Amino acid sequence: NGILQCILRGIEKLYGVNLFSFDLEEWQKADSLINKNYSDIFTWYQDAMKQSNFSELIRPVQPEFYLLEQSSENKANELSFTHTILRIDPFLDFWNVENKRRDNLAKVAGVDPIDAKSWRAFIQFYTDLAEKNHTTGIKQLQAYSRDLDFKFHKDEEVRFRGNLNHEEIKVFQDWVMNEFCRIANEKGWVHQIHVGTNNLKNSSPLPLEDLGKRYPQMKIVMLHCWPFFEETAFLAKYRPNFYIDNCWTPILSPEFFSQALDTYLNF
C-alpha cells in the first residue's frame with residue numbers, strides 16, 4: 001500500500017497524470033513521458049528533485065553497487081547529488097559453508113573471511129570502498145528477522161563458518177554487527193536501523209541503547225518506529241546519538257504519524 005501510494009502521488013506531481021482515473025490514455029501518456037525522461041536519467045533526477053524541493057538523495061545500496069562498471073562521467077554525475085548508505089545485512093548471512101555471494105565479494109576483496117582477522121580485513125575493504133564513493137553510513141534490516149540486542153563477543157567465542165546452530169548464528173551476527181559499528185563509530189557515520197512494522201516481538205528499539213553507549217560517535221537513526229513511538233522517543237531524548245526517522249508512517253497512516261508527533265513533543 002505504501003509503495004503504491006508513493007508511486008501514484010509521485011506520477012501525479014511530476015507528470016500531472018492521475019493514474020487513479022484508470023483512463024488508458026492517461027496511463028499511455030505517463031508511460032511515454034517516463035520513457036522520454038529516463039533516456040537521460042541523471043538530468044531527470046535533478047529536474048524531479050527541483051520540483052520536489054530535494055537538495056540531495058540518500059540511497060541505501062548493496063555492497064555490489066560499488067563494483068558496478070559505469071563511465072566516470074555518469075558516476076560523477078550521480079554522486080554529485082547522491083549519498084550512498086551501505087547495507088550491511090547481507091554480511092550477516094555469510095557464515096554458511098556454501099555462499100556464492102560471499103565468495104564473489106571475497107574474490108574482489110582478495111580476502112576469504114574465515115576467522116576474526118580475515119573478517120576484519122573483509123569488512124574494512126568494503127567500508128573503505130564505500131567511503132571512497134561518498135557513503136554517509138550503514139544500514140541494516142535485522143529487525144525483520146531477529147532481535148536488536150547485538151551483544152559484544154570476544155573473537156574466540158565466535159564460529160565464523162560451518163553448520164552453525166541458532167545460537168552460534170546469533171553470536172556470529174552480533175560479532176559482525178559490532179565490527180561494522182566500530183568502524184562507523186571511528187568514521188562518525190550514521191547507522192540506519194529498521195524498528196517495528198514487522199516481527200514486532202523482536203523489533204523493539206530498546207536493546208539498541210547498549211549499542212549506542214558502546215559506540216557514542218555513531219549516530220543511530222531509528223526508521224519507521226511504529227508502534228514503538230514511546231520507546232523511540234525515550235531513546236532520542238535521553239541518548240545523544242539517537243535520532244528518529246518516521247519514513248513511511250505518514251503514507252501508511254496519517255493518524256499514526258499524528259500520534260507519533262504528539263508523543264515526541266510531549267517527551
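Worth saying up front: this structure is predicted, and the values here are computed from it rather than measured.
Test F125, F172, F180, W95 against W119 for ring pair (Phe, Tyr, Trp, His ring centres under 6.0 Å) and you get one pass: F172.
Of the inter-residue distances, the one linking E230 atom CD with L235 atom CG reads 12.0 Å to the nearest 0.5 angstrom. Rounding to the nearest 0.5 angstrom, the gap separating the OG1 atom in T127 from the CD atom in E179 is 10.0 Å. A distance of 9.5 Å separates CZ in F65 from OG1 in T135, rounded to the nearest 0.5 Å. A distance of 5.0 Å separates CE of M222 from CD1 of I244, quoted to the nearest 0.5 Å. To the nearest 0.5 Å, the span separating NZ on K100 from CG on L105 amounts to 14.5 Å. Here CD of E255 is found 14.0 Å from CG of L252. Values are rounded to the nearest 0.5 Å.
At a threshold of 4.5 Å between non-hydrogen side-chain atoms, the residues F150 and I193 do not count as touching. The closest side-chain heavy-atom distance from M49 to S55 is not below 4.5 Å. Side-chain atoms of E64 and R101, non-hydrogen and from C-beta on, do get closer than 4.5 Å to each other. Looking at N133 and E78, their side chains never come closer than 4.5 Å, going by heavy atoms from C-beta outward. Counting heavy atoms from C-beta outward, V111 and Q124 have side chains that stay 4.5 Å or more apart. I88 places none of its side-chain heavy atoms less than 4.5 Å from the side chain of K139. The side-chain heavy atoms of W189 and E131, taken from C-beta on, include a pair separated by under 4.5 Å.
Both I138 and Y66 belong to a single network of hydrophobic side chains, linked directly or stepwise wherever heavy atoms of I, L, V, M, F, W or Y lie under 4.5 Å apart. Note on L148: it does not cluster hydrophobically with L141, by side-chain heavy-atom contacts below 4.5 Å among ILVMFWY residues.
Counting heavy-atom neighbours within 6.0 Å of F152 CZ, excluding the residue itself, gives a total of 12 or less. More than 12 heavy atoms of other residues, nucleotides or ligands lie within 6.0 Å of CD in E156, so this atom counts as buried by the packing criterion. More than 12 non-hydrogen atoms from other residues, nucleotides or ligands lie less than 6.0 angstrom from CG of L4. When the shell of 6.0 Å around CG of D40 is examined, it contains more than 12 heavy atoms from other residues, nucleotides or ligands.
Checked by atom type and distance alone, the side chain of E12 never pairs as donor or acceptor with a backbone atom of R9 at under 3.5 Å. Checking side-chain atoms of T263 against main-chain N and O of F229 turns up no donor-acceptor pair under 3.5 Å. Looking at N178, its side chain does come within 3.5 Å of a backbone N or O of K151 through a donor-acceptor pair. A distance-only check finds a donor-acceptor pair linking the side chain of K237 to the backbone of F267 [under 3.5 Å]. A donor-acceptor pair under 3.5 Å links the side-chain atoms of R102 to the main chain of N96, judged by distance alone.
For the residue pair G162 and V97, the shortest heavy atom distance occurs at CA-CG2, 3.7 Å. Considering every non-hydrogen atom in both N99 and D93, the closest pair reads ND2-O, 3.4 Å. Considering all non-hydrogen atoms of both residues, T197 and P227 come closest at N-CD, 4.4 Å. Considering every non-hydrogen atom in both S203 and N198, the closest pair reads OG-O, 3.0 Å. What you find for H153 and V158 is that their closest heavy atoms are CB-CG2, 4.3 Å. Shortest non-hydrogen contact noted between H224 and T249 is O-OG1, 3.2 Å.
Between F122 and Y126, the ring planes are perpendicular. Angles over 60° get that label, and only those under 30° would be called parallel. Using cut-offs of 30° and 60° for the angle between ring planes, the W226 and F256 rings count as parallel.
Salt bridge status for R161 with E168: absent, with no side-chain N to carboxylate O gap under 4.0 Å. Using a 4.0 Å cut-off between charged side-chain N and carboxylate O, D149 and K170 make no salt bridge. Ionic pairing of D89 and R87 is present here: one or more N-O contacts between side-chain nitrogen and carboxylate oxygen are shorter than 4.0 angstrom.
Aromatic pair F94/F91: ring centres closer than 6.0 Å. For F160 and W175, the ring centers sit closer than 6.0 Å to each other. Aromatic rings from F257 and W248 are positioned such that their centres are separated by 6.0 Å or more.
Under the 3.5 Å distance criterion, with hydrogens and angles disregarded, no donor-acceptor pair is assigned to the side chains of Q140 and H194. A donor-acceptor pair shorter than 3.5 Å can be found between the side chains of D115 and S118. With no hydrogens or angles considered, a side-chain donor-acceptor pair links N246 and Y264 at under 3.5 Å. Side-chain contact annotation: N77 with Y45, donor-acceptor N/O pair under 3.5 Å absent.
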>> With side chain to side chain contact (heavy atoms under 4.5 Å, CB included) as the criterion, how do R146 and Q173 come out once you've worked through the C-alpha distance, each side chain's angles and the decisive distance to 0.1 Å?
In response: CA-CA 10 Å; R146 54 157 286 174; Q173 292 179 337; 3.2 Å; yes
> Would N37 and Y15 count as a side-chain hydrogen bond (donor to acceptor under 3.5 Å, both in side chains) if you check the C-alpha gap in whole Å, the side-chain angles of each, and the deciding distance to 0.1 Å?
Replying inline: CA-CA 11 Å; N37 286 330; Y15 295 100; 3.2 Å; yes
>> Before you tell me yes or no, could you show the steps for N199 and S145 under side chain to side chain contact (heavy atoms under 4.5 Å, CB included), namely the whole-Å CA-CA distance, both residues' side-chain angles and the distance that decides it to 0.1 Å?
In response: CA-CA 7 Å; N199 192 26; S145 59; 5.5 Å; no
> Passes side chain to side chain contact (heavy atoms under 4.5 Å, CB included), L211 versus C181? Steps please.
Replying inline: CA-CA 8 Å; L211 202 67; C181 290; 3.9 Å; yes
>> Go through it in stages, so that I can follow the logic: the residues are L86 and L129, the test is side chain to side chain contact (heavy atoms under 4.5 Å, CB included), and I'd like the CA-CA distance, side-chain angles, deciding distance and then a yes or no.
In response: CA-CA 10 Å; L86 172 63; L129 183 61; over 6 Å; no
> Going through the checks in order, is the side-chain hydrogen bond (donor to acceptor under 3.5 Å, both in side chains) test met by R214 and N185?
Replying inline: CA-CA 9 Å; R214 197 175 302 138; N185 187 69; over 6 Å; no
> Where do R239 and D210 land on the salt bridge (charged side-chain N to carboxylate O under 4.0 Å, His left out) test, with the steps shown first?
Replying inline: CA-CA 10 Å; R239 304 306 310 170; D210 289 340; over 6 Å; no
Under 3.5 Å, sequence neighbours excluded: what are the donor-acceptor pairs made by side chains of residues 22-33?
from, atom 1, to, atom 2, distance (Å)
D23, OD1, E25, N, 2.9
W27, NE1, L19, O, 3.3

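Among residues two or more places apart in sequence or in another chain, the ring-ring contact (aromatic ring centres under 6.0 Å, His included) test is passed with F54 by none. Here D155 pairs with R120 under the salt bridge (charged side-chain N to carboxylate O under 4.0 Å, His left out) rule; sequence neighbours left out.
Its side chain outside the 4.5 Å cluster rule for every partner, L265 clusters with none of the Ile, Leu, Val, Met, Phe, Trp and Tyr residues. L223 belongs to a hydrophobic cluster whose other members, connected by ILVMFWY side-chain contacts under 4.5 Å either directly or through intermediates, are V190, V221, Y243. As a member of the Ile/Leu/Val/Met/Phe/Trp/Tyr network built from side-chain separations under 4.5 Å, I58 groups with I85.
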